Amino acid sequence: MSKSLAGLAVFGTLILSFVGVSCGPSSGESAFDKKRPVVAVAPVQTRPYEDGYGAGFDLGQRQAAPHGRMAKEEEAARLGREQASGHTERTARWERGFVEGYLEGYRNVVTGKK
């Protein structure tokens, strides 16, 4: 009985390998050689946020005192508006980045993280 099972296993393996070879890509072409369509995607502008974050982070670190009081978000938003006024390239994204960076820089100094 074990010989018949072994023979059946060999036969099944041969059938599966034949089916795999016959269903694969033809003429030496692999599945990875097929060209995929190119989709044009508009780039996402993250630079203003990052620039604002960096400016806010630096200012927050300079204005904070170790073990001092934490800055409020309203105070950071006011500073962001002041820093952005008169600069057309400093958009609302820049201001959001400034507020986040300012609070993070301030928090790092107050809590002792650097």
Side-chain angles (χ1 to χ4, degrees):
M1 180 128 157
S2 64
K3 285 185 181 183
S4 64
L5 284 177
L8 186 60
V10 170
F11 182 71
T13 304
L14 289 174
I15 294 291
L16 288 176
S17 64
F18 177 72
V19 169
V21 169
S22 65
C23 292
S26 60
S27 69
E29 180 181 305
S30 74
F32 297 109
D33 292 340
K34 294 186 182 198
K35 298 195 180 200
R36 294 193 171 110
V38 177
V39 178
V41 178
V44 176
Q45 293 293 327
T46 60
R47 202 72 208 146
Y49 180 87
E50 293 167 358
D51 291 343
Y53 186 92
F57 189 84
D58 293 340
L59 186 63
Q61 284 190 322
R62 284 195 309 265
Q63 290 186 349
H67 306 293
R69 68 170 184 83
M70 292 295 291
K72 294 189 178 356
E73 190 167 346
E74 297 81 24
E75 179 184 336
R78 182 187 54 77
L79 280 172
R81 284 189 302 276
E82 287 176 7
Q83 295 291 321
S85 65
H87 298 278
T88 57
E89 72 277 359
R90 293 182 177 177
T91 61
R93 279 189 182 167
W94 188 94
E95 286 183 39
R96 279 195 309 270
F98 181 90
V99 170
E100 293 293 322
Y102 182 83
L103 293 174
E104 182 72 21
Y106 205 96
R107 186 178 315 113
N108 286 353
V109 172
V110 169
T111 60
K113 295 180 185 176
K114 285 198 179 188

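Numbering of residues begins at 1 and proceeds along the displayed sequence. Computed from a prediction, not measured in an experiment: that's the story for all the values here.
The distance from the CD atom of Gln61 to the CZ atom of Arg107 is 12.0 Å, given to the nearest 0.5 Å. The structure places CD of Glu50 at 11.0 Å from CZ of Arg93, a figure rounded to the nearest 0.5 Å. Thr91 OG1 to Arg47 CZ: the interatomic distance, rounded to the nearest 0.5 Å, is 13.0 Å. Rounding to the nearest 0.5 Å places CD of Glu95 at 11.0 Å from CD of Glu82.
Listed here is the closest heavy atom pair of Val99 and Ala77: CG2-CA, 3.6 Å. Minimum interatomic distance between Val109 and Ala65 (heavy atoms only, all atoms of both residues): CG1-C, 3.9 Å. Taking each heavy atom of Arg90 and Gln83 in turn, the nearest pair found is NH1-O, 2.5 Å.
The number of heavy-atom neighbours closer than 6.0 Å to NE2 of His67, taken from other residues, nucleotides and ligands shown, is 12 or below.
Under the 4.5 Å side-chain heavy-atom criterion for ILVMFWY residues, a single connected hydrophobic cluster contains both Met70 and Phe98. Both Trp94 and Leu59 belong to a single network of hydrophobic side chains, linked directly or stepwise wherever heavy atoms of I, L, V, M, F, W or Y lie under 4.5 Å apart. One hydrophobic cluster, built from ILVMFWY side chains closer than 4.5 Å, holds both Tyr49 and Phe57.
A side-chain donor-acceptor contact under 3.5 Å links Tyr102 and Gln63.
Side-chain contact between Pro66 and Val110 is absent, with no heavy atoms from C-beta onward closer than 4.5 Å.
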Query raised in the report: How far apart are the C-alpha atoms of Asn108 and Glu104, what are their side-chain angles, what is the distance that settles it, and do they pass the side-chain contact (heavy atoms from CB on, under 4.5 Å) test?
Result: CA-CA 6 Å; Asn108 286 353; Glu104 182 72 21; 3.5 Å; yes
